[in-house]
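Each chain gets a letter, A, B and so on, in the order its sequence line appears, and its residues count up from 1. Scope of the values below: all heavy atoms of this structure, side chains included, with no hydrogens, waters or symmetry mates.
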Amino acid sequence: MEMYKITSDEIDVNQVITSVIRPEAGAINTFIGTVREFTGNKQTVSLQYEAYPSMAEKQLKRIGIEIREKWPNVQTSIVHRIGKLAISDMAVVIAVASPHRAESYEASRYAIERIKEIVPIWKKEYWTDGEEWIGDQLENTSYKNRVPKEEKE
Amino acid sequence: MEMYKITSDEIDVNQVITSVIRPEAGAINTFIGTVREFTGNKQTVSLQYEAYPSMAEKQLKRIGIEIREKWPNVQTSIVHRIGKLAISDMAVVIAVASPHRAESYEASRYAIERIKEIVPIWKKEYWTDGEEWIGDQLENTSYKNRVPKEEKE
Amino acid sequence: MITVLFFAKQQEQLGLDKLERAESQLAVAELKQKLIEDYPELSLDHTMTAINEEYADEDQMINDQDIVAFIPPVSGG
Amino acid sequence: MITVLFFAKQQEQLGLDKLERAESQLAVAELKQKLIEDYPELSLDHTMTAINEEYADEDQMINDQDIVAFIPPVSGG
């Protein structure tokens, strides 16, 4: 049974993986995003994730639907944690099950890229020398008037 | 601490994942190969995996070394189960941790492809109508005299 | 009456996460314009808008009882 | 004396997983030839050879005390 969830609890990886296991599947790709300590020279102390939870869960489901349109035999679960996280804590767990391995990699990669585009979740980094809400302003100059559409191949 | 192991026990996914988590990593890709029930029309009842364990573990380590040569900041663990497995049981778990997500996907994919080329593990399928050792004879006509070399880009 | 939600940086700029406003039948772009006038500390650059949890275009109409959310550049994952 | 290991299909063809043979200083190809003559039920097509757990070429020499393993096409994963 696919899961699309925003939670403030620690993510149970096994539960996410188990949710996509089926007899038709021979491959499960899991992507886990963890809190990294260093980005270049900047040292992260902790992270705060905030979400618009009800909309974020809808967007996660939408990613699952987009995936099934592209890879019909794939099952997807995505759980994203919010609140305060420490170094190496898991922020997001994606599990994708498919009959063959190629699609499991492709669909998993698609899921993480789409999360970074359309799911209303925001990260605030606390560094040793300050804090900042992350959001790639520079790469989104045309973002203002753009409704995210399903990606075309 | 990276793990390269052949085991006849059930694989503990969490343990494999935990073994590659580091403060420098922000991405962990996990690939799990499970026993698929149907391959085309053929229904699998169970599988038997056999290995040359001491050599197989050496080859798994070698894959880890190849990965670090290609993606220097990546940590890899691979555990392969042998013995009799049922539908949906996990046969192999690969975990790859890296600072950024792209390498984690690439290195994980590399690992599973190399396992299928150089690690002395054999699968016997038990179908509803027979049994057979799997091994892709057709695609390996030049296999006889070929020592597997490290892949070139 | 509509509800307007703010998140992340914009929530901190305003010091609040929610506004109730006595408006309806106005386009997203018009609401943005009014908010920027009323709250000079608020920046809505690079910000998408959702109406009732679905992304909306700048010219989409906002109706009575709608929940409008401003979505600054997301950074999950 | 050398030890020869068999796996999977070849182990079933022979009905044994291990042989001790009083040979040394012969090439992989020569050992294969002798085994095929001694065991007509054995096929070594598409089979790689390992000496002491490392893959070996057909012309590599096998020495006394070596462990030779025949590796039919692998199918792990």
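- Judged by distance alone, the side chain of B:R36 and the main-chain N or O of A:E24 form no donor-acceptor pair under 3.5 Å.
- Annotation: the span from A:R109 atom CZ to B:N29 atom CG amounts to 9.5 Å, rounded to 0.5 Å.
- Neither the backbone nor the side chain of A:A97 comes within contact range of chain B; no heavy atoms are under 4.5 Å apart.
- Residues B:M90 and A:I21 have side chains in contact (heavy-atom distance under 4.5 Å, counting atoms from C-beta outward).
- B:P23 places none of its side-chain heavy atoms less than 4.5 Å from the side chain of A:F38.
- Side-chain contact between A:E113 and B:R101: present, with at least one pair of heavy atoms (C-beta onward) separated by less than 4.5 Å.
- Put simply, OG1 on B:T30 and CD1 on A:I28 are 10.5 Å apart, with the number rounded to the nearest 0.5 Å.
- With B:T34 contributing its side chain and A:A25 its backbone, the two residues share a donor-acceptor pair below 3.5 Å.
- At a 4.5 Å heavy-atom cutoff, B:A91 makes no contact with chain A through either its backbone or its side chain.
- In terms of heavy-atom pairs under 4.5 Å with chain B, the best-connected choice from A:I17, A:N14, A:V93, A:I32 is A:I32.
- Although no hydrogens or angles enter the test, the distance criterion places a donor-acceptor pair under 3.5 Å between the side chain of A:Y105 and the main chain of B:S108.
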